[in-house]
Amino acid sequence: MEYQEILDAAWGMISATSNKWVFEPVSSSNLAAAAYDRSGKVLVVAFLDGSVYMYADVPLRVWNGLMRAESHGSYFYWNVRLSFEYARID
């Protein structure tokens, strides 16, 4: 899948529930982009394979860490992947 196709698919999957999502592109061999809802503490991650996951109760500091990380994929792996309840939404 092309990058824009991944973002369009991710947006299509979650736009029915909310219009507040703004995806930030990330540089990674696994992740394509991420979005965060501060009020609900929900993180949405779009992967390069086209899958999209939603993570619950993610603190703002984790979102900030992800976006500031030198390696987005490594930060995600060590700080998000199995640390929060999640659901695949695609």
Side-chain angles (χ1 to χ4, degrees):
M1 274 183 135
E2 294 295 320
Y3 178 77
Q4 191 58 50
E5 289 176 306
I6 293 168
L7 290 183
D8 291 345
W11 175 252
M13 287 175 224
I14 64 172
S15 64
T17 59
S18 174
N19 63 0
K20 61 188 165 195
W21 300 101
V22 177
F23 280 90
E24 301 286 336
V26 296
S27 178
S28 172
S29 61
N30 193 25
L31 312 178
Y36 184 71
D37 171 24
R38 290 176 188 234
S39 63
K41 298 196 301 189
V42 175
L43 172 67
V44 177
V45 178
F47 291 85
L48 291 173
D49 68 0
S51 61
V52 180
Y53 286 80
M54 185 174 281
Y55 296 82
D57 287 327
V58 177
L60 180 60
R61 67 176 168 69
V62 173
W63 164 251
N64 289 336
L66 176 63
M67 299 317 295
R68 292 181 182 141
E70 186 174 316
S71 171
H72 297 104
S74 290
Y75 186 92
F76 172 81
Y77 183 85
W78 293 108
N79 297 282
V80 177
R81 188 177 67 97
L82 299 177
S83 299
F84 303 97
E85 290 188 39
Y86 65 92
R88 186 171 174 154
I89 58 172
D90 58 333

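Atoms considered below: every heavy atom in the structure, side chains included; atoms not considered: hydrogens, waters and symmetry mates. Given the structure is predicted, the values throughout are model-derived calculations rather than measurements.
- No single ILVMFWY cluster, assembled from side-chain heavy atoms under 4.5 Å apart, contains both W78 and V62.
- No continuous path of hydrophobic side-chain contacts links Y77 to V44 [ILVMFWY only; heavy atoms under 4.5 Å].
- Residues A34 and L43 share a closest heavy-atom pair of CB-CD1, 4.2 Å.
- The CZ atom of F76 sits 8.5 Å away from atom OH of Y53, with the distance rounded to the nearest 0.5 Å.
- Here M54 contributes atom CE and R88 contributes atom CZ; the two are 14.0 Å apart, rounded to the nearest 0.5 Å.
- The two residues Y75 and A69 make their nearest non-hydrogen contact at CB-CB, 3.6 Å.
- The nearest pair of heavy atoms linking M67 to E24 is CE-CB, 3.3 Å.
- Under the ring-ring contact (aromatic ring centres under 6.0 Å, His included) rule, Y55 has a single partner from F84, Y86, W63, Y36, which is Y86.
- V52 and L82 are not part of a single hydrophobic cluster, where members link through side-chain heavy atoms under 4.5 Å apart.
- Rounding to the nearest 0.5 angstrom, the gap separating the OG atom in S27 from the CD atom in E70 is 10.5 Å.
- S51 contributes atom OG, which lies 8.0 Å from atom CG of N30 (distance to the nearest 0.5 angstrom).
- Under the 4.5 Å side-chain criterion, counting only non-hydrogen atoms from C-beta, D57 is not in contact with E85.
- Using a 4.5 Å heavy-atom cutoff, the side chains of V58 and L66 are not in contact.
- The heavy-atom pair separating A32 from L48 by the smallest distance is CB-CD2, 3.7 Å.
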